[in-house]
Amino acid sequence: MVIRLSVTARIALLSIALALVSNLALVGFVWKTTSADAIDAIRRETTEQSEALRAVWRSGGLIAVRQAIDSAVVPGDVSLVLAVIDPKGRAVVGISPARLAVPSA
C-alpha cells in the first residue's frame, strides 16, 4: 500500500521538520550558553571568597578564619559549604558535609 502525498503536503511536512530541527538547535544553544555562564559565575564567586579567606588567614590565622566563617553562617542555609579541610577531606573548621572529595596531589 503506497500513500501518495500532494506536493503541498510534502512541502508542509518538510517545513514542519525544518522548524523542529531549528527549534531544537536554538534550545540547545541557549541551554549550553546559560550553563556555561552559570558555571563561570560560580567559579568566579568561589575564587573571590577563597581569596578573601586567604587574606583573613594571613592576618589572623585559624582563629580569624573561624570567626569569619561563624559570621558568614546563616541559620537554616543548607547550601553553604565553607570550611578549612585537611588533606584527607575532613573539615578542620567550618561547615561542610562529613567528608569532601579531595583530589590526590
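Because the structure is predicted, anything quoted here is derived from the model rather than measured.
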Quick check on L26: does its CG atom have over 12 non-hydrogen neighbours (other residues, nucleotides or ligands) under 6.0 Å away?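 Yes, the 6.0 Å shell around CG holds more than 12 heavy atoms from other groups.
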Which pairs of donor and acceptor atoms, one on a side chain in residues 67-75, lie under 3.5 Å apart (sequence neighbours left out)?
from : atom 1 : to  : atom 2 : distance (Å)
S71  : OG     : Q67 : O      : 3.4
S71  : OG     : A68 : O      : 2.8

Only one of L82, V92, V84 passes side-chain contact (heavy atoms from CB on, under 4.5 Å) with V65; say which it is.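 Going through L82, V92, V84 one by one, the side-chain contact (heavy atoms from CB on, under 4.5 Å) with V65 is satisfied by V84 alone.
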Does any pair with a residue in residues 26-47 pass side-chain hydrogen bond (donor to acceptor under 3.5 Å, both in side chains), and if so which ones, sequence neighbours excluded?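 Only E45-Q49 qualify under side-chain hydrogen bond (donor to acceptor under 3.5 Å, both in side chains).
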Under 4.5 Å side-chain linkage, directly or through intermediates, the cluster mates of V27: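 Noted: V27 shares its cluster with no other residue.
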State which residues pass side chain to side chain donor-acceptor pair (under 3.5 Å) with E51; sequence neighbours excluded, sorted by chain then number.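 Only R54 meet the side chain to side chain donor-acceptor pair (under 3.5 Å) criterion with E51.
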Donor-acceptor contacts, no H, no angles, side chain residues 5-20, under 3.5 Å, sequence neighbours left out:
from : atom 1 : to  : atom 2 : distance (Å)
S6   : OG     : A9  : N      : 3.3
R10  : NE     : L5  : O      : 3.3
R10  : NH2    : L5  : O      : 3.4
S15  : OG     : I11 : O      : 3.4
S15  : OG     : A12 : O      : 2.8

